[in-house]
Each structure stands twice: as structure tokens, then as C-alpha cells.
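Report on the following structure.
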Amino acid sequence: YQRRVRDLLNLKQSYKMPLSELSLSLVRANVGMAAVTGGVWAYLFFKRIPYLNNDPRARGWQKCKTRQEMSTKWADPAVIAPSDNFNNLMEVPTLFYAASAMLLATDSVTPLSVKLATGFVALRAVHSIIQCSQGNITARFTAYLLSCGCVAGMWFDVATIV
């Protein structure tokens, strides 16, 4: 019995493929994007919970049945902005994660794809900071547009695989 368990454990170990430094860099960029999303999610609750508990404009929010009805309760833009940004982090970043997964799965990570991924994460972090702080819309759009260019470049890398 012990030998069988040991053989199974050894079999599991033999299937682990070492990742190249480029692949690890791409994985790190994905972890960074998840950290940006997690940070915005935490900030959303940091802003929302005190608002719901203390601001008279939010009274009755528990009885709301639709998003439109709920939006009338979110009178404070400082509470709305993190929520909107969190929703944004479920849109274009999905394309980033998919392109990353395809590059990793096909062992086709290039130095360019790592640079594009790192740029994407940095630009999305800048975009999130600007949106959550209700900063300059032109700067936010610029960060958004450049981040979309990074993802498009990653998908071009994916397209060259097939």
C-alpha cells in the first residue's frame, strides 16, 4: 500500500512542467491584475458599507429589487465610482486573462507579450485609481485606450500561433 501511494505521488510530480522565466513573468502579470481587482473590490466595500449604514440617502436600500431602483440610493459619486470600476474590471481584463491563458497553454509567451501584459496591468491600475478617485476623465480614457492596445497586441501574439 505504501509503495502504491509513493508511486502515485511520484507520478504526480513527473507531470509538473517547469515554467520558463517568460511564462512566470506572464503569470506574475496575471496575479498583478487579480490584485488590482481585489484592491478595487476591497475599496468598494470600504466606501459602500459605511455609506449604507450611516448616510440617510441610503435608507431603505435593502428593499430595492432592481438595479435602477438601487441606483437612486447611490447618491454619492464616491460610492458609485468604485462599483463602476469593479464592473469595468470584469470586462476588458477578461480578454487579458484569456489571451494569457492561450499563450501559456501553447508555450508561446514572448518578451513582447510579457511587456504588453505588464503594461496592461499598470494601465488598468492607473485607470482604476483615476476612476475610484473621480479624477480626470481624459487621463482615465487615455489609460483605458492604451490598455486596450496592450490587449490587442497580446491577441495579435495569440493569432500568430494558429
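Quick note: residue numbers are just sequence positions, from 1. Just so we're clear, the structure is a prediction, and the values are computed from it rather than from any experiment.
For residues 90-127, the pairs satisfying ring-ring contact (aromatic ring centres under 6.0 Å, His included) are Phe96-Phe120, with sequence neighbours left out.
In the hydrophobic clustering, where aliphatic and aromatic side chains (Ile, Leu, Val, Met, Phe, Trp, Tyr) are joined below 4.5 Å either directly or transitively, Val126 groups with Ile130. Grouping Ile, Leu, Val, Met, Phe, Trp and Tyr by side-chain contacts under 4.5 Å, direct or through others, leaves Phe156 on its own.
For Met102, the side chain to side chain contact (heavy atoms under 4.5 Å, CB included) test picks out Trp155, Val158, with sequence neighbours left out. For Thr110, the side chain to side chain contact (heavy atoms under 4.5 Å, CB included) test picks out Leu112, Ser113, Asp157, with sequence neighbours left out. By the side chain to side chain contact (heavy atoms under 4.5 Å, CB included) test, Leu145 pairs with Phe141, sequence neighbours left out. Evaluation of the side-chain hydrogen bond (donor to acceptor under 3.5 Å, both in side chains) rule for Thr37 yields no partner, not counting sequence neighbours. Residues that satisfy the side-chain hydrogen bond (donor to acceptor under 3.5 Å, both in side chains) test with Ser108, not counting sequence neighbours, are Thr106. Contacts of Glu91 classified as salt bridge (charged side-chain N to carboxylate O under 4.0 Å, His left out), with partners at least two apart in sequence or in another chain: none. Residues passing the side chain to side chain contact (heavy atoms under 4.5 Å, CB included) test with Thr94, sequence neighbours excluded: none. The ring-ring contact (aromatic ring centres under 6.0 Å, His included) check on Phe86 picks up Trp41, with sequence neighbours excluded.
Ser147 places a side-chain N or O within 3.5 Å of a backbone atom of Tyr144 that can act as its donor or acceptor partner.
Under the 4.5 Å side-chain heavy-atom criterion for Ile, Leu, Val, Met, Phe, Trp and Tyr, Leu24 and Met33 are members of the same hydrophobic cluster.
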